[in-house]
Every structure is written in C-alpha cells, then in structure tokens.
Amino acid sequence: MTQHNKTLGEFIINKQSEFKYSSGELSRLINSIRLAGKIVNHEVNKAGLVDILGTAGAENIQGEDQQKLDVYANEVFINTLVNREIVCGIASEEEDDFISIKGGNSKNDNKYVVLMDPLDGSSNIDVNVSVGTIFSIYRRVTPSGTPVTLEDFLQPGNQQVAAGYIVYGTSTMIVYSTGHGVNGFTLNPAIGTYYLSHPNMKFPEKGNIYSVNEGNYIHFPKGVKKYIKYCQEEKDNRPYTSRYIGSLVSDFHRNMIKGGIYIYPSTSKNPNGKLRLLYECNPMAFLAERAGGKASDGFTRILDIKPTELHQRVPFFCGNTEMVEKAEKFMNKTYKKE
Ligand code: AHM
Ligand code: MG
C-alpha cells in the first residue's frame, strides 16, 4: 500500500461537508467506531494465542451461547461510544434492552443513536474464519436533551443516516456509507491506520454466486427451493457458484465485490428467518442499495419495513439487483400455493 493513499481520517475530514447535518458529530461518531474496530481487531487476531476462545457461559436474549469475543466486542463498542459521549443511545444484538446515555452534565444533546451487532458470525471464531461488526446510525426522533425511547430505535431502515461493517478477515477492512456511495478502507496493522483501498464500491452488473445454507433446504419455502434449482440449472451463464461462509459480513463483502446474492429465508422452523432486522439486515440493505444492489424479505424492500421490536428477525435476500429480483419472482409465483 502506498503512502499517498488517502487515510480514513483524511477521508472523513474531506467528506464532512457532504453529510446531511454537518456539525462534525457524525464524523466523530464514525471515528469512534473505527477506533473500537481497531481494538476488537487486535483481540480477534490474537484469539488463537490467548485463552479468550470459547463461550463466556452466558446466553444472549435469543438463547444462543455468547462467545467470549462477542462479550468483549460488545463492551469495547459500548464503552468507546459512551466514554466519548458521542451518541444518546445504543442498541446491541448482545443487549436485552437499549441503552440510554446521559452526557457529562446529565443532559445529552447528541443527535444520534447507534444500533450494532458487535461480533457477527461468532460461531466462526473458534475455527479462524472471518467475523465482522455491523453498525447502523439514525438521528433520534424524540426531543434532544431527553432520554431516548424505544421509538428512536424502531425507525425503518430508510431513515438510516449511515451504516457499515468491519470485516476481520485476511485483512481488516471498514466499509461504510453516509448515503453518498460505499467506500472501503483497509487497515495497515503495522501503523494502525486505515487506507482508502476500495473507493465507490458497486455490485458488478451481473453476479454468479449464490450464498445460502443449503443444509436447511428441506425447510425452505417453495420459492427459495425453485430459485436454488434455477441457480443450479445449466443455461445461459448458469449454473452459478455456491459460496457460503456463514458469516454475513464476509458473505456480503465477497458478493458485493464479485457479484452474488445472499439468502437467509424463512424456514418451517423459523418463519422469520434468523437474521435481525435492526442490527444485520437494515445496515446491509442500506449498503447494498448504495452500491447499486437490492435487499428484500422476498416480497418487500427491507428498508421500508416498520420495525415493531428491537430483536425482530426477518427473511433476507440481498445482493445484485437482477438476482434479488429473480428470487422475488420465484417467491411471488409460488406464494399462493404454500
Ligand atoms: P450471529 O449474529 O449469531 O453470529 O448469527 C448471524 C450469522 C450470520 O453472520 C450468518 O450469515 C448466519 O448467522 C449463519 O447462520 P446459519 O449457521 O444458520 O447458516
Ligand atoms: Mg449477528
């Protein structure tokens, strides 16, 4: 990487005037996220060396085992945002309820709330496979200076001011958008600086990768089964390639660069799928659309869904526009028969 590449810090300063509400508050918030990301990255990278692997003995609200690194990442992100007094509220996949943050003088004038999945794909930690952090930023809707309420967090994804993810992969990257395109920055671990490595990321026009946990095939809706068969058919540029890491951030990241669709549908066991609307689907849908892609629940645009609860789950179809639209067609055609 050459030294004249723009750093994330320089990029944020240059772009600040493009932000919708340019008080510098959003810039400082993204700065805090990149700092927390570096700390988590450091810990993730030495996961094999220290006794930090394994479960922490607690379960999160969805009844899943929490890995130690989940707990660690959750604490780092929350502490960084709280200590810098940069947001008025946080909701995390690892917390039962949202956190209301008071400012130093007991009054909090900050405008933004952050929703996050501090360490997504955590079942991959023990086997040295990429994991990620997903974040989503909204302006509060209740009056500033008062404690945040549930209403501030249950906003439809189309109200997001910014969203992004950090992928702790073969290299660590932060990819985010404040609404003006999607940009990716790669961490140079030697000096702890992120460099702009992937400016203005876009899904290629055509994709040929489908990512879905086919082990659940028997439980999928008819439309998804038919779409999978379509992907496997020998016709035109098909069969497509199947790639599934089981780590949403990594699967999305690859599909955005190479062209593909990610699907986590409803199943007969889990009618709303597995992924969480607020912490996973909305931020990814925001990025997908900014990168020329599309995200839906099979029928409706993800970003237009009005959330009703913090830990709500939703079926998720996300990737190249053409591929998502094709999958939606299969869903619509078979819907009545199911
Ligand atoms: P998590 O938030 O508990 O880590 O679950 C989300 C992850 C996604 O990253 C991934 O795409 C999906 O769960 C994989 O689920 P499955 O193992 O059922 O295919
Ligand atoms: Mg997750």
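Just the heavy atoms: all of them, side chains too, but no hydrogens, waters or symmetry mates, feed the values below. Numbering of ligands and ligand atoms starts at 1, following listing order.
- Proximity of Y244 to ligand 1 is established by a heavy-atom distance of less than 4.0 Å.
- Listed by number with element, the atoms of ligand 1 under 4.0 Å from a non-hydrogen atom of S122 are 4 (O).
- Close contacts between ligand 1 and E280 involve ligand atoms 2 (O), 6 (C) [criterion: under 4.0 Å to a heavy atom].
- Remark: aromatic rings of Y264 and F316 are distant, center separation not under 6.0 Å.
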> Stepwise, does the ring-ring contact (aromatic ring centres under 6.0 Å, His included) test hold for Y230 with F330?
Replying inline: CA-CA 9 Å; Y230 166 86; F330 280 100; 5.5 Å; yes

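- Inclusion of E93 in the set of residues having an N or O under 3.5 Å from an N or O of ligand 1 is warranted.
- On a distance-only criterion, L248 and ligand 1 share at least one N/O pair closer than 3.5 Å.
- Below 3.5 Å of separation, one finds an N or O of K274 facing an N or O of ligand 1.
- No salt bridge links K6 with E10; every basic N to acidic carboxylate O contact stays at or beyond 4.0 Å.
- Nearest N/O/S atom of E280 with respect to the Mg ion (ligand 2) is recorded as OE2.
- Distances between N or O atoms of V249 and those of ligand 1 include no value under 3.5 Å.
- Using a 4.0 Å cut-off to heavy atoms of Y264, the atoms of ligand 1 that qualify are 15 (O), 16 (P), 18 (O), 19 (O).
- Ring-centre distance between Y138 and Y112: not below the 6.0 Å cut-off.
- Between D117 atom OD2 and D120 atom OD1, the angle centred on the Mg ion (ligand 2) amounts to 90° (nearest 10°).
- Across all their heavy atoms, N124 and S247 have their closest contact at ND2-CB, 3.3 Å.
- Of the candidates D251, D120, I134, D120 brings a heavy atom nearest to atom 6 (C) of ligand 1.
- In this structure, the ring of F11 has its center less than 6.0 angstrom from the ring center of F185.
- Listed by atom number, the atoms of ligand 1 under 4.0 Å from D117 heavy atoms are 2 (O).
- The existence of a salt bridge linking E289 and K294 is excluded, since no basic side-chain nitrogen approaches an acidic carboxylate oxygen closer than 4.0 Å.
- Note that CE of M116 and CD of E95 are 7.5 Å apart. Values are rounded to the nearest 0.5 Å.
- Heavy-atom contacts of G246 reach the following atoms of ligand 1: 9 (O), 10 (C), 11 (O), 14 (C) (cutoff under 4.0 Å).
- A distance of 14.5 Å separates CD1 of I137 from CD of Q159, quoted to the nearest 0.5 Å.
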